Every structure is written in structure tokens, then in C-alpha cells.
Engineer: 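This structure is in C-alpha cells; I'll ask about it shortly.
Values reported hereafter were calculated over all heavy atoms of this structure, with side chains retained and with hydrogens, waters and symmetry mates removed. Values in this document were obtained by computation on a predicted structure and should not be read as measured data.
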Amino acid sequence: MTATDKTGEPGRDFIHDIIAADLEAGRVSTVVTRFPPEPNGYLHIGHAKSICLNFGTALEFGGRCHLRFDDTNPTKEEQEYIDAIKRDVRWLGFDWGEHLYHASDYFQQLYDWAEHLIRAGKAYVDDTPAEEMRALRGTLTEPGRNSRFRDRPVEENLDLFRRMRAGEFPNGARVLRAKIDMASGNINLRDPVLYRILHAPHPRTGTAWCIYPTYDFAHGQSDAIEGVTHSLCTLEFEDHRPLYDWLIENLPVPARPRQYEFARLALNYTVLSKRFLTALVREGRVAGWDDPRMPTFAGLRRRGVPPAALRDFVRRVGVARANSVVDLAMFDHAVRDHLNRVALRRMAVLRPLRVVIENYPEGETEELDAVNNPEDPAAGTRRIRFGRELYVEREDFMENPPRKFYRLTPGREVRLRYAYLVTCREAVKNAAGEVVELRCTYDPATRGGNAPDGRKVHATIHWVAAASSLATEVRLYNPLFTRPDPGADGDLMADLNPNSLEILRECRLEPALAEAAVGEAVQFERQGYFCPDPDSAPGRLVFNRTIALRDSWAKAQAAGG
RNA sequence: UGGGGCGUAGCCAAGUGGUAAGGCAGCGGAUUUUGAUUCCGCCAUGCGGAGGUUCGAAUCCUCCCGCCCCAGCCA
């Protein structure tokens, strides 16, 4: 396993306390956990919590974590998902080494244990149709009633179960049930189904089986087979723990794993349910599972979120048993915090406004030094080209600015980053009255950005030289939903943010950006963190905005206006 | 109204009888060739509520309130 983060303390939570106590008391010698996804969909940010908890905790205690696919329902699972999940777990930074398993690896053992239960008189084959079985199960407040097949002789159960396995019966004809207690207040103990008939080919076992164990019959036993010591799952499985324990106690399993539950991760302005995510893709509301607006690993990766930032985010959130909804700002912070330290700085003008430096010699250019990352001196410097014609950001000029706007306006001097102090002399307008060009003058004595006479300017703005700049497309992303609890009113699609994607096609980048690799994070100075999208082609770069820089000016404007 | 959980600041979250950590957000201020970063300060007489036990309660007891999960041959 990898992915130790130097930054930040390891998580301290009740799971750690339990494990530490188990180690201390000698109840376990090596900690073994597992991340057990069902291969029926793509991983999303919610899974990151489970992955980090399972892999991270094992790592911290010097144990190991298995990657185990819970592939007990061939009607919903696909190899494609298995591959995607493996890729995504690796991307997050974890390695299961030799410990890749599948519940389907244990189908024969599980089957044998089912027969063991039958022989012990603790499981029976039930012919009751599904509808009727549901009615017999009772309700939340009324006890269930025994099936009329509940007291079948062991030999008959064995014979029927073997014939189920042999494929003699159609789907749904019979099931194998544990014989526990139809009157239990815990519905999971009302003779839960252990095996069902499913004539469906399995991604891994093919047509070898036509009966498949349920989650309850597979999970705990798989844990036991693998020697998992701490089986960590989410809160909704809490009611299953008595069944988990019952099976472990009534089967000759080689170990005694323990299940512990924690609250799953939820984020505001975000939807994580498989059903909703699937609907977004299927209805074309997003471009696909890897749309940068999606909370999937694929989406986050394409958007440029570094795995280390995701791990840090999960660490900050913590692990507890209270249902909670984490503020997206927490995620944003983790992303910015990481990117600030590692991203190279570059200049890029998203909405260009042409600038002509009137007193700069025609046809001449020069090179200036620019720092690659002020947070990391080792990143060095680069040369950037300056010339008579430049582009600056449209919003860095205002003809009639409000108080406290200290960027370009007629008559004002500002600094062009790493270049010169320039003064705006005139705004040239078109017939429609729109500003189309700025006429400025520069002070040749301020090369690099400092005035020999010590005079100060209020603002430093970014720019690119018109002649050498690269034309590019930039995609800006905003939250996919307009409300913190999308879908709460019953119509998820009505809460979609119409401005979740903004495409800018006339952007101008400094030439150094031509070398950026897909997924590589860079900071466009004063704007945010970006990375080239896979849609980029030679000569036609496309950048995604991972996240904007904090902008107290914009915030103040929004608050004041 | 069965069973199982959970309620500490706007959002996460420590704390488990000795007088409310930390982070995010927010608000001030300093530094700044990114209105970024960084730094400093502020931000719960209060722990869902009411009683009780105790010298002392977020922590123990009682009652109450609220929220979440479970009636798949899904996981």
C-alpha cells in the first residue's frame, strides 16, 4: 500500500481506537481490512472515504487491506466496472498488492457452508413465491409468520438445494433461507434469504453457477476466509450485524471477523446516489461519467483534482457515526491547499482585451523573468516575451470604476506582472460603444515591475503578448446543482445549475503552456487552477478549470451589489 | 406506533465526571509584483430539551423532542 501523506496527522477516530485496543489486548496481531465494492457502477467521492479508511487504517497499523469485489449478483455486475474500480483505487494512491479477491472466488466454499447449515437444521429451502414471502415477513410493527416449508426434513432440504444448484428450477422458484426468528424485531433476522436462483452468466464464473449467495451470506464469510479482522462498512448495515455474527457463529469459518459501521460521506450541492448519477449520464445532462462536473473519480480526475487533495479532504472530514453533510467549501479548500503548493504559475487571459503600448517600439520584443512557483523556489523561473501589443483580462479594465477598484481605468497606472508599470491613456470603442482596445504607455525605467523612484501601484495584473500567445479553449465549471440538497423536492433535474459549464473559446495563453500534459495542474495567475483536458489536440489546447482562486474582490462586489 | 442508530458553532469534528480541541466557512487586521498565498486576532457562559445525582455533568440517571436506517430472491 502506498499513499502516506506527509501533511496532516493521520485520522483519529473511533475505528482507530477500537483497532488500537484490539492490538493492545492481543485480540488481533495483524490488522486486515478490505474495500469491498460491488462492480455495478463507478466509484465516486463518497467511496474515497471508505477507501482511505480501509487502506489508510491498515497502512497505519502495519497491516494490509484487500480489494475484494462483492460480485454476488451477476444480473447487475460487469467486468467493465471491475477494471474501472481497480484503476480508480490505484489513482487515489492505494495498492492492494497480491490481495485482489472476489466473493465469487469463494462460491464453492460458500455453497459447502450452506449445506453445513442445512445439515445443522439451520437453513431450509423455501418454495414460497416472492410475493407471499413478503407478506409473511410481517411489517415493521408486526412479527412475521413461519413459512409452511420451514420444517422440511434435512434430507429434503439437501436434495432440493442440490437440485437448485444443478439448475433444475427456474429463477425465483425456491430460495435457501436461514432458520432464525420470524418474530424478531430486526427484520434481517426473519429467516433471511441466503441463496437465490439466478440463471445468469457471471463475469468471472461464467455459467458454472445458477444459484448465487446473497450479500449477507457472502460478506462475512468472505471476510473470515481472507482473515479480515475489522470489516468496516456504512451505517445502513448496522442492522445486518446480528446476522453477520449469527452466520460466523454457526459456520466452521477459519476466523472471527468483526463488523464496524461508520457514516457515509455526503456533500452539499452534490448527488452521490448511483441512481441519480446514472440518470444524469443517461439523460445527457452531463457529457458522461467522466464529465468534470461529476463527483465520480473519473470526473474529478479529468477536472484536475489531485488524488492527494482528495485524501486530505477525507482526512479533514473525519470518521464518525453521525449522519452529516459536508460543506463543498471543505473540499474546495483541500484542493486549493494542495494545488497552491505544487502548481506551476502561468499567465493566461481568459477574456482578452487588446492593449497597445504606444511608446513601446514597433516590431520590438524582449524577454523577462517570471517565477514558476513562489511556494517552491526549486520550480525555478522562465522567460516570458513582452511586446507592443498585449492582451489583458477584460474585467481588469473599467471605464467608470466603483470605489476600491484599483485595476486599469483611464489615467491610472498599474503593474503588468513581471514586466512594466503601464498607464492607461485611452479606451478605444467600436460603433456599438464597446471598449475594444486600450491605448497605454509604459515606463521603461520600471522593467521587472519596480519603479526606481519607489512609487507604488495598487494593482498587478496578468497579461500575454499578443503575437506569441496561444489561442485556446477553456472550460469553467461550477457546481452542478443550484441548491445544497439537490432533488430534495422530488425533481432532481429541476435543481440543475444552468451555469455549471461555461466555455470560453478565445482565450490566450503564454507559450510555455503548450507543453502542459493532460491532467497536469497549473495555476493561471490571479484566476485559478487549470489542467489540459483529454479533448486537447496538437495545436488546439483545451483547459479545464479545476477550481478558481479565492477572490475577495468578487466576493465584496457580490455582497455590496 | 417493532428493531437499530444519531443529536457538541453556519458545516465537519474532538471530548467518555474536573470546568467546551482542531479544521472549513465567516469577520477584523498585517504582509504581498497573484484582491492569491502566508501570518495575527475574533467567532459555543454553551453541548437537542426538561428534571435529577454530584463539591463538580457535554460526559452518569429519568423523561421528553428531533433526525436517519430496516419490511429486495440489491449491496
Side-chain angles (χ1 to χ4, degrees), chain A residues 8-9 12-13 36-38 40 70 72-73 75-77 126 128-130 133-135 137-144 171-177 183-190 192-198 211-212 214-216 218-219 233-242 261 263 265 268 274 313 315-334 336-337 340-341 345 347 370-371 374-375 404-407 415-419 421 448-450 456-462 484 523-528 548-556:
Chain A
E9 295 299 302
R12 273 277 151 249
D13 51 68
E38 181 189 14
N40 71 340
D70 232 327
T72 57
N73 186 349
T75 66
K76 295 189 173 174
E77 298 150 6
D126 195 343
T128 307
M133 198 182 286
R134 190 191 317 146
R137 188 155 26 236
T139 69
L140 295 179
T141 53
E142 304 160 36
N171 288 353
R174 297 175 221 265
V175 294
L176 180 73
R177 291 227 261 171
S184 174
N186 182 344
I187 291 175
N188 293 296
L189 261 22
R190 318 240 264 228
V193 171
L194 268 22
Y195 266 92
R196 73 280 217 199
I197 299 171
L198 250 30
I211 59 171
Y212 293 91
T214 55
Y215 163 85
D216 288 305
H219 205 94
C233 62
T234 43
L235 253 24
E236 68 269 26
F237 291 100
E238 189 158 14
D239 290 342
H240 291 245
R241 194 172 62 226
E261 312 84 20
L265 174 68
N268 59 16
K274 200 164 294 177
F313 165 64
R315 183 188 61 75
R316 287 167 182 274
V317 166
V319 181
R321 288 178 61 88
N323 281 312
S324 58
V325 180
V326 176
D327 196 322
L328 241 203
M330 188 99 86
F331 173 75
D332 290 350
H333 173 81
R336 286 195 190 100
D337 188 51
N340 175 51
R341 278 177 271 129
R345 270 58 170 176
M347 291 203 281
V371 174
E375 304 291 324
K404 294 228 184 143
F405 175 90
Y406 35 76
R407 279 112 94 152
R415 174 185 299 109
L416 291 181
R417 183 146 229 229
Y418 299 127
L421 299 189
N450 287 307
K456 302 290 187 198
V457 290
H458 239 110
T460 298
I461 66 176
H462 60 279
Q523 183 196 100
F524 287 178
E525 297 231 18
R526 301 208 302 135
Q527 303 191 105
L549 248 29
R550 290 181 65 181
D551 188 347
S552 59
W553 165 247
K555 192 201 285 183

Engineer: Just to verify, which of A:D126, A:I197, A:L194 counts as forming a side chain to side chain contact (heavy atoms under 4.5 Å, CB included) with A:L176?
Structural biologist: A:L194

Engineer: Look at the side-chain N and O atoms of A:T72 and state whether any lies under 4.0 Å from the OP1 or OP2 oxygen of B:A75.
Structural biologist: yes

Engineer: May I ask you to evaluate whether A:R12 reaches the phosphate of B:A21, defined as a side-chain N or O under 4.0 Å from OP1 or OP2?
Structural biologist: no

Engineer: Let me know the distance between CG of A:L328 and P of B:C12, rounded to the nearest Å.
Structural biologist: 13 Å

Engineer: Please work out which of the three classes, parallel, tilted or perpendicular, describes the rings of A:Y406 and A:W553, given edges at 30° and 60°.
Structural biologist: tilted

Engineer: Is any N or O donor-acceptor pair between the side chain of A:H240 and the base of B:A75 shorter than 3.5 Å?
Structural biologist: yes

Engineer: I would like to know whether A:T75 and A:N73 meet side chain to side chain donor-acceptor pair (under 3.5 Å); could you show each step before the answer?
Structural biologist: CA-CA 5 Å; A:T75 66; A:N73 186 349; 2.6 Å; yes

Engineer: To the nearest Å, how far apart are A:N73 CG and B:C74 P?
Structural biologist: 6 Å

Engineer: So what does A:K404 hit on the nucleic acid, given a heavy-atom distance under 4.0 Å: a base, only sugar-phosphate, or nothing?
Structural biologist: base

Engineer: Tell me whether the side-chain N/O atoms of A:R196 come closer than 4.0 Å to OP1 or OP2 in B:A75.
Structural biologist: yes

Engineer: Nearest to the A:E238 side chain among B:C70, B:C6, B:G4, which nucleotide is it?
Structural biologist: B:G4

Engineer: Does A:D239 make a side-chain donor-acceptor contact with the base of B:G3, cut-off 3.5 Å?
Structural biologist: yes

Engineer: Identify whether any heavy atom of A:F331 sits under 4.0 Å from a base atom; if not, whether one sits that close to sugar-phosphate; answer base, sugar-phosphate or nothing.
Structural biologist: nothing

Engineer: In whole Å, measure the gap between the P atoms of B:A20 and B:G48 for me.
Structural biologist: 16 Å

Engineer: Side chain of A:V325, heavy atoms from C-beta onward: which of B:C24, B:C12, B:C73 has the nearest atom to it?
Structural biologist: B:C12

Engineer: Categorize A:N450 for me: base, sugar-phosphate, or nothing, with a 4.0 angstrom heavy-atom threshold over every strand shown.
Structural biologist: base

Engineer: Can you tell me the pairing partner of B:U62 across any strand shown, Watson-Crick or G-U wobble, with both distances under 3.5 angstrom?
Structural biologist: B:A50

Engineer: Distance check: side-chain N/O of A:R526 vs OP1/OP2 of B:G35, anything under 4.0 Å?
Structural biologist: yes

Engineer: On a whole-Å scale, what distance lies between the P atoms belonging to B:A21 and B:G41?
Structural biologist: 15 Å

Engineer: Using a distance-only criterion (donor-acceptor N/O pair, under 3.5 Å, no hydrogens), is the base of B:G35 paired with the side chain of A:R407?
Structural biologist: yes

Engineer: If you assign each of A:N340 and A:L416 to its closest nucleotide in RNA chain B, which residue comes earlier from the 5' end?
Structural biologist: A:L416

Engineer: Which whole number of Å gives the distance between the P atom of B:U59 and that of B:A50?
Structural biologist: 12 Å

Engineer: Does A:S324 place a side-chain N or O at less than 4.0 Å from the phosphate oxygens OP1/OP2 of B:A13?
Structural biologist: yes

Engineer: Measure from the side-chain heavy atoms of A:A320 and tell me the nearest of B:A75, B:A14, B:A71.
Structural biologist: B:A14

Engineer: Does B:U34 have OP1 or OP2 sitting under 4.0 Å from an N or O in the side chain of A:H462?
Structural biologist: no

Engineer: Would you say the side chain of A:R550 and the base of B:U37 hold a donor-acceptor pair, judged only by whether the two atoms sit under 3.5 Å apart?
Structural biologist: no

Engineer: Which nucleotide in the list B:G23, B:C6, B:G35 gets nearest to the side chain of A:D551?
Structural biologist: B:G35

Engineer: For B:C74, does OP1 or OP2 lie under 4.0 Å from any side-chain N or O of A:K274?
Structural biologist: no

Engineer: How far, in whole Å, is B:G29 from B:G18 if one measures between their C1' atoms?
Structural biologist: 37 Å

Engineer: Which word best sums up how the rings of A:F237 and A:Y215 line up, parallel for under 30°, tilted for 30 to 60°, or perpendicular for over 60°?
Structural biologist: tilted

Engineer: Please measure how far the P atom in B:C11 lies from the corresponding atom in B:G3, and state the result in whole Å.
Structural biologist: 31 Å

Engineer: Which listed nucleotide (B:C24, B:A13, B:A75) is nearest to the side chain of A:M330?
Structural biologist: B:C24

Engineer: Using the P atom as the point on both nucleotides, what is the distance between B:U38 and B:A25, in whole Å?
Structural biologist: 10 Å

Engineer: Measuring only the C1' atom in each nucleotide, how far is B:C73 from B:U62? A whole number of Å is fine.
Structural biologist: 45 Å

Engineer: Provide, to the nearest angstrom, the distance between the CZ atom belonging to A:R241 and the C1' atom belonging to B:G5.
Structural biologist: 10 Å

Engineer: Nearest of B:A71, B:G35, B:C6 to any side-chain atom of A:R137?
Structural biologist: B:A71

Engineer: Please tell me which of the listed nucleotides, B:A36, B:C74, B:G26, lies nearest to the side chain of A:K555?
Structural biologist: B:G26

Engineer: Could you tell me how far apart A:L549 (CG) and B:U38 (C1') are, to the nearest whole angstrom?
Structural biologist: 14 Å

Engineer: Can you see which heavy atom on A:R526 is nearest to which on A:Q523, and at what distance?
Structural biologist: N-OE1, 4.2 Å

Engineer: Which nucleotide, in any strand shown, forms a Watson-Crick or G-U wobble pair with B:A30, with both distances under 3.5 Å?
Structural biologist: B:U38

Engineer: Nearest whole Å is fine: how far is B:G10 P from A:N268 CG?
Structural biologist: 15 Å

Engineer: Are OP1 or OP2 of B:G3 and a side-chain N or O of A:S184 less than 4.0 angstrom apart?
Structural biologist: no

Engineer: Would you call A:W553 stacked on B:G35, i.e. ring centres under 5.5 Å apart with the planes less than 30° off parallel?
Structural biologist: yes

Engineer: Name the nucleic acid region contacted by A:R316, choosing base, sugar-phosphate or nothing; use a 4.0 angstrom heavy-atom cut-off, strictly under.
Structural biologist: sugar-phosphate

Engineer: Say you pick atom P in B:A75 and the same atom in B:C70; how far apart are they, in whole Å?
Structural biologist: 15 Å

Engineer: Between the base of B:U34 and the side chain of A:Q523, is there a donor and acceptor pair under 3.5 angstrom?
Structural biologist: yes

Engineer: Have a look at B:G15 and give me syn or anti from its glycosidic angle (syn if within 90° of zero).
Structural biologist: anti

Engineer: Hey, are the side chains of A:R345 and A:E375 touching, using non-hydrogen atoms and a 4.5 Å cut-off?
Structural biologist: yes

Engineer: Counting Watson-Crick and G-U wobble pairs only, both distances under 3.5 Å, name the nucleotide matched with B:C55, or none.
Structural biologist: B:G18

Engineer: For A:K274, does the NZ atom sit with more than 12 other heavy atoms under 6.0 Å from it, leaving out its own atoms?
Structural biologist: yes

Engineer: For residues A:H462 and A:R417, is any side-chain donor paired with an opposing acceptor at under 3.5 Å?
Structural biologist: no

Engineer: Within the 4.0 Å heavy-atom criterion, would you say A:Y406 contacts the bases, only the backbone, or no part of the nucleic acid?
Structural biologist: base

Engineer: Please work out if A:V317 contacts a base, only the sugar-phosphate, or nothing of the nucleic acid, heavy-atom cut-off 4.0 Å.
Structural biologist: sugar-phosphate

Engineer: Under 4.0 Å: is that the gap between some side-chain N or O of A:R321 and OP1 or OP2 of B:C6?
Structural biologist: yes

Engineer: Between B:G23 atom C1' and A:D327 atom CG, what is the distance in whole Å?
Structural biologist: 12 Å

Engineer: When you get a sec, tell me which of B:A75, B:C24, B:U34 is the closest nucleotide to the side chain of A:E38?
Structural biologist: B:A75

Engineer: Could you check which nucleotide pairs with B:G2 in any of the strands shown, counting Watson-Crick or G-U wobble with both distances under 3.5 Å?
Structural biologist: B:C70

Engineer: Contact class for A:R336 vs. all strands (heavy atom < 4.0 Å): base, sugar-phosphate, or nothing?
Structural biologist: nothing

Engineer: If you check the A:A322 side chain, which of B:A75, B:U37, B:G7 turns out closest?
Structural biologist: B:G7

Engineer: Please determine, for the side chain of A:A329, which listed nucleotide (B:A14, B:C24, B:C73) has the closest atom?
Structural biologist: B:C24

Engineer: Indicate whether OP1 or OP2 belonging to B:G35 is found under 4.0 Å from a side-chain N or O atom of A:R417.
Structural biologist: no

Engineer: Would you tell me whether A:D216 and A:T214 have side-chain atoms, one donor and one acceptor, within less than 3.5 Å of each other?
Structural biologist: no

Engineer: Quick one: does any side-chain atom of A:R415 pair with a main-chain N or O of A:G449 as donor and acceptor, under 3.5 Å?
Structural biologist: yes

